Novice: 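Here it is, the structure, as structure tokens.
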2 protein chains.
Amino acid sequence: MSMEGQDIKKAGLKITLPRLKVLEILEVSEQRHMSAEDVYKALLLMGEDIGLATVYRVLTQFEDAGLVSRLSIDGGHAVFELEDGVHHDHLLCVSCNQIEEFVDEVIEQRQRSIAIEKGFKMTEHSLYIYGICKQCQEKN
Amino acid sequence: MSMEGQDIKKAGLKITLPRLKVLEILEVSEQRHMSAEDVYKALLLMGEDIGLATVYRVLTQFEDAGLVSRLSIDGGHAVFELEDGVHHDHLLCVSCNQIEEFVDEVIEQRQRSIAIEKGFKMTEHSLYIYGICKQCQEKN
DNA sequence: GTGTAAATGATGACGGTTTTCATTTATATT
DNA sequence: AATATAAATGAAAACCGTCATCATTTACAC
Ligand SMILES: [Mn+2]
Ligand SMILES: [Mn+2]
Ligand SMILES: [Zn+2]
Ligand SMILES: [Zn+2]
């Protein structure tokens, strides 16, 4: 059994070809942040005939298992990334859709303080900075 | 012509009953943050037979005109609020869906710095803190 | 190998939102 | 005030990402 197989098994899931292949795509793909559709298309290119419904199912199971995390981008569709255990937030280029990551402890701490001030028990947060990336600025 | 009429006219839109009534709902309603469906239902209660498609259209036009701003809540549907010219972010109760507002200059400044560090020209940002509000904590 | 529960893929349903198109309305012009 | 015309409306269907259903296939404990 491959290393990936272990992760799947630990999650209480059977080791199936669709699951191995979805994990593989997320690992080897150029882009770290992929939509279900992106994963589905990459599988087709790889010659794997795996249904889109299965891709959605598997990604959700991986999310529940903590293998993958889901970003809910403004305006509908979600993107997934391999969970690396380090919380981070995202910068999104509105021109080329490139996604960059950042970690900022000051912001994290301020969020916790605000929740406390307002009497909220914070469960999570969602922060996206939208803008034009360096490359797209240079292009215009 | 009413005060509200002026706003609509300034936006280059004809002053129609649906537009006046949608604006009125947003102004007089108990809840500051309302979905299109919320506005639609409030109009029905008021005895105004305005189609849901029109509510969506008018809200989008008001957004374009800067009269209203749209929050894209995690998990699908949007909520709208009257634009008051002061930027703020939101705390959302995952239990009762109540929405609170906050302003935090430290976070705003950090976001600008991060964008600069990454070479991004920031256009906007979206920050939501999810949690359990005070009242919902006390209830359980 | 066999039995059984779990997983898959095709397809349709779903929910929020937008589009279409025939009809109605606001407003500028006479 | 009547007219002309572009804009706005409402009903309905289309849309889009995602999820549920269900008959068939598969993994894996025995
Ligand atoms: Mn990321
Ligand atoms: Mn608000
Ligand atoms: Zn870019
Ligand atoms: Zn609450």
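Worth saying up front: this structure is predicted, and the values here are computed from it rather than measured. Just so we're on the same page: letters track the sequence lines, and every chain starts at 1.
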Novice: Tell me which of A/E37 and A/R57 sits closer to the 5' end of DNA chain D, going by the nucleotide each one is nearest to.
Specialist: A/E37
Novice: How long is the line joining CD1 of A/I15 and C1' of C/dA5, in whole Å?
Specialist: 16 Å
Novice: Nearest whole angstrom, please: distance from the P of C/dT18 to the CG of B/L52.
Specialist: 10 Å
Novice: Do A/E81 and A/R70 meet the salt-bridge criterion of a basic N to acidic O distance under 4.0 Å?
Specialist: no
Novice: Can a salt bridge be assigned to the pair B/E105 and B/R112 using a cut-off of 4.0 Å between side-chain N and carboxylate O?
Specialist: yes
Novice: When you measure from the side-chain N and O atoms of B/T16 to the phosphate of D/dA8, is any distance below 4.0 Å, counting only OP1 and OP2?
Specialist: no
Novice: Please assess B/R57 against B/T60 for the test side-chain hydrogen bond (donor to acceptor under 3.5 Å, both in side chains), listing each intermediate value before the final yes or no.
Specialist: CA-CA 5 Å; B/R57 256 186 313 238; B/T60 301; over 6 Å; no
Novice: Nearest-Å distance, CG (A/L17) to P (D/dT26)?
Specialist: 11 Å
Novice: Looking at A/R19, does any N or O in its side chain come under 4.0 Å of the phosphate oxygens OP1/OP2 on C/dT8?
Specialist: yes
Novice: Reckon B/Y56 has a side-chain N or O less than 4.0 Å from the OP1 or OP2 of C/dT18?
Specialist: no
Novice: Once you round it to whole Å, what is the distance between C1' of D/dG10 and CG of B/L44?
Specialist: 13 Å
Novice: Rounded to whole Å, how long is the line connecting atom CG of A/L13 with atom P of D/dT26?
Specialist: 19 Å
Novice: Roughly, in whole Å, what's the span from CG in B/D49 to C1' in D/dA11?
Specialist: 12 Å
